[in-house]
Every structure is written in C-alpha cells, then in structure tokens.
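Residue numbers start at 1 and run along the sequence shown. First listed ligand is number 1; within each ligand, the first listed atom is number 1. Atom set for the values below is all heavy atoms of this structure, side chains included, hydrogens, waters and symmetry mates excluded.
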Amino acid sequence: MKNILVIGSVGQIGSELTMELRNRYGNDHVVAGYRRTKPSPELAESGPLEVIDATDVARINDVVKKYNIDTIYNLAALLSAVAEANPQAAWNVGANGVYNVLEVAREHNCAVFLPSSIGAFGLSTPLDNTPQDTIQRPGTMYGVTKVAGELLSDYYFKRFGVDTRGVRYPGIISNVTLPGGGTTDYAVEIFYEAVKTGKFTCPLPKGTFLDMMYMPDALDAAIDLMEADPDKLIHRNCFNISAMSFDPEIVFNAVKKYYPDFIMDYDVDKVKQGIAESWPNKMDDSAAREEWGWNPKWDLDRMTQDMLKVIKEKHEKGLI
Ligand code: SER
C-alpha cells in the first residue's frame, strides 16, 4: 500500500487530486500538506492533515518520516502572472521547494510527481505541434522554475535513482477551487461569469490559442503516470499532455450554445498577453500516448456542459 504526501493540497489541482488519491488508496494513506489557506472541511475531515511549506526542508523530512511516506506529489507553485509580480517568491517555492522535495525523496526513497507546464516553453520554441523534446527558453520566472524542476527531476533519477515523473500541464479548467493568478485562468472564469452575470471581459485577445484540459483528465494523468510501468518510460520529466486547444472566441461560442444571451468583450492584460503569446498553441502529446497510454476523455463541448451544470447548481444554492 502506498503512503502519499500531497504538498500544495489546497490549490486548484491539489484540492481535487488529494480527494481522488484518498478515494483510490484509502483516506489514511494520503496526507494533505498545506501552508496558509485553510483546507475545506471535506479535505480536513477525510484524512491526515499537516502544515508543510515546500521551502522548509526539515518540515518535509519530519512529515515523510512520521507517515512513512513513499510517494510525494509536489504541487506547490506560484502561477505565471503572480510569479511575474513576485519572481523571488516564485523561485523560492518553484525551484528551492522542488530541490527540497527531491533531497527528502532521495534520503527516504520516495517517488516524486512534479507538474511542469506549457509555461516551460518560450518564444523560440516551435509553438504549433510543440514537440516533446525541443527548445525550452521560457521568458517568465514561472517557466524558469518549471524548466529547472524538469532538469533537477531528470538529474535525481539518473544520478540517485529517485523515481521522478511529471507532465507538462496545459491550462486546467475546474469547478471546485479557483486557480490563483495564472495566464489561463480566463478559461475558468468565463464559465463562472456566464452563469453568474451573463457577461465576461476577456484579458487575452482573440486568436490566442492555448492548450487546455478538464480537471478529471488532469487527475487521471498524474495518477496514471505514477502507476505506469517504469520500463516503458523514456521521458519521465516531463511529458507534454493536452486535451484541447482553443482561443477565447471558441470557448465563448461553446458557452453561448447553452447560454445564448451570454456576451463577451475584451480588455487585454498586456502581461498575460505577452506570456500567452510565448506559450504553445498546441502541444504534440504523442510521447505520453505511446509511453503510458495518455488518452483524455473530455472535449470542449462535454466539458462546457459539465462546467455550466455544476456551477449553476452551486450558484442556485448560494455557494458562489
Ligand atoms: N495555468 C498555468 C498558468 O496560467 C500554466 O501552467 O500560469
């Protein structure tokens, strides 16, 4: 039986991944590590909970020893736009934090899942059908930390045999926890605004194509990769994965199919625009498909229906 530690368990991905891991491996076998934000009652009451800051190596070490942890999912990070506002903190969490996790994993023989991102690419990368192995010269601190994390993870595997694995996530769309300050957040907010106000002001210009994915596929990706046969993995850190690629007009029209009166205008955020334009329009994820069977289940239309249904129910109950 696995004993898992999730660092960053109250974030956008962590809040749902921790619950999914508890469903699959048993509540007592998944420790939710969080820093400042109060965990939801669901997270707090369903299994062990520990305060953990990725920048505090002694604390990670203590928790790993206390629960006999053998697998760490390290989701602690500052998203791209927030990282540009505070690059020093972004480096501390996104690079020093990753180094700390890898050091503890080396010492205690833990497997490590580390998410990278479309942000690990930059303007000199081929942005259409972005290959698995290509130029990575990101122009953001978020991207710099992600490339550092990919390289460190590969190094710890080759040098010390630490079982490191990771994916390059696209923008993740979800209806449980809001993302905090990413460039792709608009693709979440648009669904909330369609239900709540019927109007959305988009911070990215039309024609800005980015890879995206619905949360259930993102959760499956992390767990399936960690369960994959290691003999089949050629890449490890990190696999391109994508489920769809769209620009603001395409997702607007997808929502409009169900909310015909929905309107959208634009007020372009220059920082986010610059970041988005340096990221892939669409990644080639064939290595993930071939090496561990990556196969997303959610397309834009199915995701749109589900997002709108869940958000409408929450809105009617006065939860949002
Ligand atoms: N969703 C992230 C961001 O926009 C990209 O990985 O920062």
Qualifying ring-ring contact (aromatic ring centres under 6.0 Å, His included) pairs with a residue from residues 68-92, counting only residues at least two apart or across chains: Y73-F113
- prompt: Any Lys/Arg nitrogen of R289 or D285 sitting under 4.0 Å from an Asp/Glu carboxylate oxygen of the other?
  reply: yes
task: Using a strict cut-off of less than 4.0 Å between a Lys/Arg side-chain nitrogen and an Asp/Glu carboxylate oxygen, indicate whether K297 and D220 qualify as a salt bridge.
output: yes
query: Any idea which atoms of ligand 1 are less than 4.0 Å away from a heavy-atom of T183?
result: 3 (C), 4 (O), 7 (O)
statement: Checking T304, I173, V251, T201 against I190 for side-chain contact (heavy atoms from CB on, under 4.5 Å), the one that qualifies is V251
- request: Would you check if the side chain of R165 reaches a backbone N or O of L225 as a donor-acceptor pair within less than 3.5 Å?
  value: yes
- prompt: Quick one: nearest non-hydrogen protein atom to atom 1 (N) of ligand 1, plus distance?
  reply: T184 OG1, 2.8 Å
field: Contact partition for W279 relative to ligand 1, non-hydrogen atoms under 4.0 Å
entry: side chain
- line: For S117, the ligand 1 atoms with a heavy-atom partner under 4.0 Å come out as 5 (C), 6 (O)
task: Show which atoms of ligand 1 fall inside a sub-4.0 Å distance from at least one heavy-atom site of S80.
output: 3 (C), 4 (O), 7 (O)
